[in-house]
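Right, one structure below, let's go through it.
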Amino acid sequence: MSDPTIKGLPPPPTKFDGSNFRIAIVHARWNDAIIKSLVEGTINKLKEQGVKQENIVVKSVPGSYELPFATKQLIEAGKIQSSNAAPSMIASTTNLLSLIDNTTSQPSTEKKTDNASNSGPLTKPFDAIIPIGCLIKGSTMHFEYICDAVTHGLMKVQLETGTPVIFGVLTALNDDQALERAGIGRTEKGKGHNHGEDWGLAAVELAAQNQDWSKGIL
Ligand SMILES: Nc1c(NC[C@H](O)[C@H](O)[C@H](O)CO)[nH]c(=O)[nH]c1=O
Ligand SMILES: CC(=O)[C@@H](O)COP(=O)(O)O
């Protein structure tokens, strides 16, 4: 593990309050032991910053290549919900969170409101999206092409929609690199650091900063 004072993410300059944010996580299902750890680390860090469990929407797709499309569609779905133009579009899908204790990822289907005086999940547009995937190099160029397509695709979605999209995709040359970055390393280097925690931090910070920037507040 490198020296965290040289390489790594220092604590944020300001503590951001996530209590009124709505965040979507969309995770690939390839390499699910790694994904499960990354998703858990992300959610724990979101909740540590005040994001409410019911305001964290979790969806899954087969692989990382599907993440850009899913991210863009989730952003659009969040906007449709907030316009009350359609009943809740949250539908249950299979995802790894059902395997994680005390984390419910299947919100109820009854209509909710984003009125602060009512309980229940927010239905406003998502304040940030966290696509999570793990690409591990095989023996062909498949890895390189997917990494490139996904990276550029997610950046394109972010800039086109104006919604913060956190880059939560590991691009590992071997299993151990991925395991270490999910905080479940198994070599003499130790367990490593769960990068999902960094992604949860980044999501709340960008949601907070973007909330001001989109109102012209600097
Ligand atoms: N090899 C990995 C994949 N491959 C699957 C693609 O992402 C995609 O789902 C498929 O090509 C169908 O469009 N996905 C990962 O997330 N991680 C891998 O290591
Ligand atoms: C990231 C990938 O697509 C890779 O795991 C596929 O392996 P291979 O290149 O051996 O087909």
Side-chain angles (χ1 to χ4, degrees), residues 1 9 23-46 56-78 89-100 103 105-106 126 128-161 163-187 189-203 206:
M1 191 75 177
L9 178 66
I23 308 286
I25 293 171
V26 54
H27 66 80
R29 295 192 296 271
W30 264 72
N31 309 321
D32 67 344
I34 291 159
I35 295 292
K36 181 179 173 183
S37 182
L38 290 168
V39 170
E40 197 166 19
T42 301
I43 289 177
N44 289 343
K45 193 57 81 171
L46 287 173
I56 302 172
V57 172
V58 181
K59 297 295 175 185
S60 75
V61 291
S64 297
Y65 184 80
E66 284 73 47
L67 290 174
F69 175 76
T71 299
K72 183 161 172 53
Q73 294 303 96
L74 278 169
I75 291 170
E76 297 313 315
M89 297 182 72
I90 296 174
S92 64
T93 60
T94 307
N95 65 66
L96 293 176
L97 274 180
S98 57
L99 309 178
I100 297 171
T103 305
S105 64
Q106 307 300 339
F126 289 113
I129 313 285
I130 312 173
I132 294 178
C134 175
L135 288 154
I136 301 176
K137 172 74 179 160
S139 51
T140 72
M141 289 290 288
H142 198 232
F143 170 82
E144 285 79 358
Y145 286 105
I146 296 185
C147 290
D148 189 58
V150 171
T151 306
H152 290 291
L154 291 176
M155 179 59 77
K156 189 166 186 286
V157 168
Q158 172 168 241
L159 297 179
E160 280 177 354
T161 63
T163 298
V165 172
I166 304 306
F167 186 67
V169 181
L170 297 185
T171 54
L173 297 178
N174 56 56
D175 298 357
D176 285 328
Q177 284 186 355
L179 289 163
E180 276 168 48
R181 287 156 183 77
I184 49 176
R186 60 188 182 188
T187 68
K189 288 185 180 177
K191 288 189 177 303
H193 166 67
N194 188 330
H195 282 39
E197 296 176 7
D198 303 337
W199 304 337
L201 275 174
L206 265 289

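Fair warning: this is a prediction, and the values are worked out from it, not measured in the lab. Read the numbers this way: they start at 1 and go in the same order the structure lists the ligands and their atoms.
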Nearest-contact summary for [atom] - protein heavy atom, Å:
| atom | value |
| --- | --- |
| atom 10 (O) of ligand 2 | S139 N, 2.9 Å |
| atom 6 (C) of ligand 2 | H142 ND1, 3.9 Å |
| atom 4 (C) of ligand 2 | I136 O, 3.5 Å |

Closest to atom 4 (N) of ligand 1 (judged by heavy-atom distance), picking from Y145, F143, W30
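Closest candidate by heavy-atom distance is W30.
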Closest candidate by heavy atom, reference atom 17 (N) of ligand 1, pool C134, A28, G63
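Selected option, by shortest heavy-atom distance: C134.
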If you count the atoms of ligand 1 from 1 in the order shown, which ones are under 4.0 Å from a heavy atom of [X]?
| X | result |
| --- | --- |
| Y65 | 6 (C), 7 (O), 8 (C), 13 (O) |
| S64 | 7 (O), 14 (N), 15 (C), 16 (O) |
| N31 | 17 (N), 18 (C), 19 (O) |

Only residue of V169, I132, I25 satisfying side-chain contact (heavy atoms from CB on, under 4.5 Å) with L38 is I132
For a 4.5 angstrom cut-off between non-hydrogen side-chain atoms, does V165 reach P131?
yes
So do the side chains of F143 and I136 get within less than 4.5 Å of each other, counting heavy atoms only?
no
Check ligand 2 against G138 and write out every atom of the ligand that is under 4.0 Å from a heavy-atom position of the residue.
4 (C), 7 (O), 8 (P), 9 (O), 10 (O)
Out of all atoms in ligand 2, which are within 4.0 Å of some heavy atom of F143? Include the element for each.
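In order of number, 1 (C).
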Please check this pair: side chain of [X] against backbone of [Y], looking for a donor-acceptor N/O pair closer than 3.5 Å.
| X | Y | value |
| --- | --- | --- |
| S60 | H27 | no |
| N44 | E197 | no |
| E180 | Q177 | no |
| K191 | N194 | no |

Would you say I136 has any N or O atom under 3.5 Å from an N or O of ligand 1, going by distance alone?
yes
Is there a nitrogen or oxygen of E66 sitting under 3.5 Å from a nitrogen or oxygen of ligand 1?
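Yes; the residue has a nitrogen or oxygen that sits under 3.5 Å from a nitrogen or oxygen of the ligand.
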Would you say T140 and ligand 2 have an N/O pair spaced under 3.5 Å apart?
yes
Between K137 and E144, does at least one N-O distance fall below 4.0 Å, as a salt bridge requires?
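Salt bridge flag = yes for E144 with K137.
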Relative to each other, are the rings of H193 and H195 parallel, tilted or perpendicular (30° and 60° limits)?
tilted
For ligand 1, is any non-hydrogen atom under 4.0 Å from V61's backbone (N, CA, C, O), its side chain (CB onward), both, or neither?
neither
